[in-house]
Amino acid sequence: MSAPQRFCLLLPESLAGAGWDVLKDRPDVEGILFDDEALPGSLHSALRAADGVALGHTHFGQAEIDAAPRLRVVARIGVGYDSVDVAALTRRGIPLMMTDAENSVSVAEHTLAFMLALSKQIVAMNAMVHGGDWRERLTRGHIDLCGKTVLIIGFGRIGARTASRCLAMEMRVLVYDAMLPSETIRAAGCEPVSDMNAGVAQADFICILCPKTKETVNLFDAERLALMKATAFLINTARGGMVDEAALYDALSSGRLAGAALDVFDREPLPLDSPLLKLPNFLAAPHVSGLTREAAARMAETTVRNILDVLDGRPNMHLMLNREALRSAAPQTSTMGPQ
């Protein structure tokens, strides 16, 4: 009689405890911890026994796939996939699973927090109180959100939730999303714009909330930044690499742009010698907008369940990015994990 089938899952240190809790009722599954920041070689060694892998922001390309002969599923702890070679996974017949709306509320709230911090000059006002110097408090030019125009680029779950929060602040909400019909945007109480640049020129606040693709890399370069009002603010809580950081520095330091707030960067962690960090009109966060305690728990649980569903032969197709992988999947020579 053959031994019961067992599966091996590689789970990163960044995975919240709720993900590990899912495994408590699965004696047939072994979870192995790996360091998100480890050198590729150490991950490759662990991949040899892996049937499934959960990924934070770890790069996962052809070399990692080649190191994992048993691999049957990869799951992202989130919705972005720019660090994963999706085409290589598909060729191997390995589905890439995503979370759904687990962190959309968190990112929308963080986006609004950035808008409030910039408009109300929260960092500068706090410094005045701590420094005992109140003389400048009426000269900082802090402003209301009410009546201002915001342009939201990308009207997915996060963009739509951000829009509803801006509407609650009595703002005029413009939306650019080439993939959505105008009627959908109007039904949400927003104004669709068919020309992004026209929206950029009108906006007091611009929120980048679209996916990172080949088309959106350096979406805000020097040319597009120059279209913004000198009194406007730019916010990116989506993905790094969509704002030309050198051009942003030039715009902020020269006074051609009032301020900016970024949660994501082209290179992470952002180098401490980045000139952006020297600017008083620049706010930064360490890629945390979608990582509240609540969101981290929701994403961790969904991620592990996604892996188990695939291994159990009942994948959630709604959360599978590359459904064509199932058509190219080769028969598994072995699915037997550690005994």
Side-chain angles (χ1 to χ4, degrees), residues 78-80 98-120 142-213 215-221 223-239 242-243 248 257-264 283 285 289-290 292 295 318:
V79 295
M98 319 292 287
T99 57
D100 193 10
E102 286 82 357
N103 70 346
S104 59
V105 167
S106 309
V107 179
E109 288 184 359
H110 199 103
T111 304
L112 184 62
F114 266 158
M115 294 175 69
L116 286 165
L118 289 167
S119 63
K120 304 303 180 185
H142 53 296
I143 61 173
D144 293 333
L145 294 185
C146 180
K148 300 300 189 296
T149 297
V150 57
L151 171 65
I152 292 177
I153 301 175
F155 204 62
R157 297 177 184 89
I158 296 172
R161 281 192 155 106
T162 302
S164 68
R165 284 154 177 77
C166 292
L167 290 170
M169 302 296 289
E170 301 179 66
M171 301 181 76
R172 176 192 178 206
V173 181
L174 307 180
V175 173
Y176 176 81
D177 192 321
M179 304 301 292
L180 282 181
S182 297
E183 294 74 18
T184 301
I185 295 170
R186 290 195 183 94
C190 306
E191 302 175 37
V193 291
S194 57
D195 181 351
M196 187 193 301
N197 288 343
V200 167
Q202 297 180 62
D204 300 298
F205 293 85
I206 296 174
C207 301
I208 303 174
L209 295 166
C210 58
K212 183 180 180 181
T213 65
E215 291 72 28
T216 60
V217 170
N218 277 345
L219 184 68
F220 274 77
D221 54 11
E223 183 177 355
R224 184 158 280 134
L225 287 168
L227 299 176
M228 295 178 64
K229 297 178 181 179
T231 54
F233 300 91
L234 179 67
I235 297 167
N236 184 12
T237 50
R239 277 291 183 270
M242 291 197 281
V243 176
L248 178 63
L257 189 62
L262 303 184
D263 179 51
V264 288
L283 295 181
S289 63
T292 61
H318 173 65

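Here the closest heavy-atom approach between residue Val150 and residue Cys207 is recorded as CG2-SG, 3.9 Å. Shown here for Val107 and Gly290, the closest heavy-atom pair between the two residues is CG2-CA, 3.6 Å. Between Met196 and Ile153, the closest heavy-atom pair is SD-CD1, 4.1 Å.
One finds the OG1 atom of Thr213 at 8.0 Å from the CE atom of Met242 (value rounded to the nearest 0.5 Å). Here the CG atom belonging to Leu145 is positioned 6.0 Å from the NZ atom belonging to Lys120, to the nearest 0.5 angstrom. Note that OG1 of Thr162 and CG of Leu209 are 4.5 Å apart. Values are rounded to the nearest 0.5 Å. Interatomic distance, CG of Leu227 versus CG of Asn197, reported as 5.0 Å (0.5 Å rounding). Rounded to the nearest 0.5 Å, atoms CG (Leu151) and CE (Met228) are 9.0 Å apart. Between the SG atom of Cys166 and the CZ atom of Phe205 there is a distance of 9.0 Å, given to the nearest 0.5 Å.
For the pair Phe155/Cys190, a side-chain contact is recorded, criterion being any heavy-atom separation below 4.5 Å from C-beta on. For the pair Ser119/Ile143, a side-chain contact is recorded, criterion being any heavy-atom separation below 4.5 Å from C-beta on.
Residue pairs meeting the side-chain hydrogen bond (donor to acceptor under 3.5 Å, both in side chains) criterion with at least one partner in residues 174-189, sequence neighbours excluded, are absent. Here salt bridge (charged side-chain N to carboxylate O under 4.0 Å, His left out) pairs that include residues 147-167, with residues two or more places apart or in two chains, are Asp100-Arg157. Within the structure, side-chain hydrogen bond (donor to acceptor under 3.5 Å, both in side chains) contacts touching residues 199-210 (residues at least two apart or in different chains) are Arg172-Gln202, Asp204-Lys229.
Between the side chain of Thr99 and the backbone N or O of Gly78 there is at least one donor-acceptor pair closer than 3.5 Å. Although no hydrogens or angles enter the test, the distance criterion places a donor-acceptor pair under 3.5 Å between the side chain of Thr292 and the main chain of Ala295.
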- Item | side-chain contact (heavy atoms from CB on, under 4.5 Å) between Met169 and Leu112, intermediate numbers included | CA-CA 10 Å; Met169 302 296 289; Leu112 184 62; 4.2 Å; yes
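Under the side-chain hydrogen bond (donor to acceptor under 3.5 Å, both in side chains) rule, Thr111 has a single partner from Asn236, Asp263, Thr237, which is Thr237.
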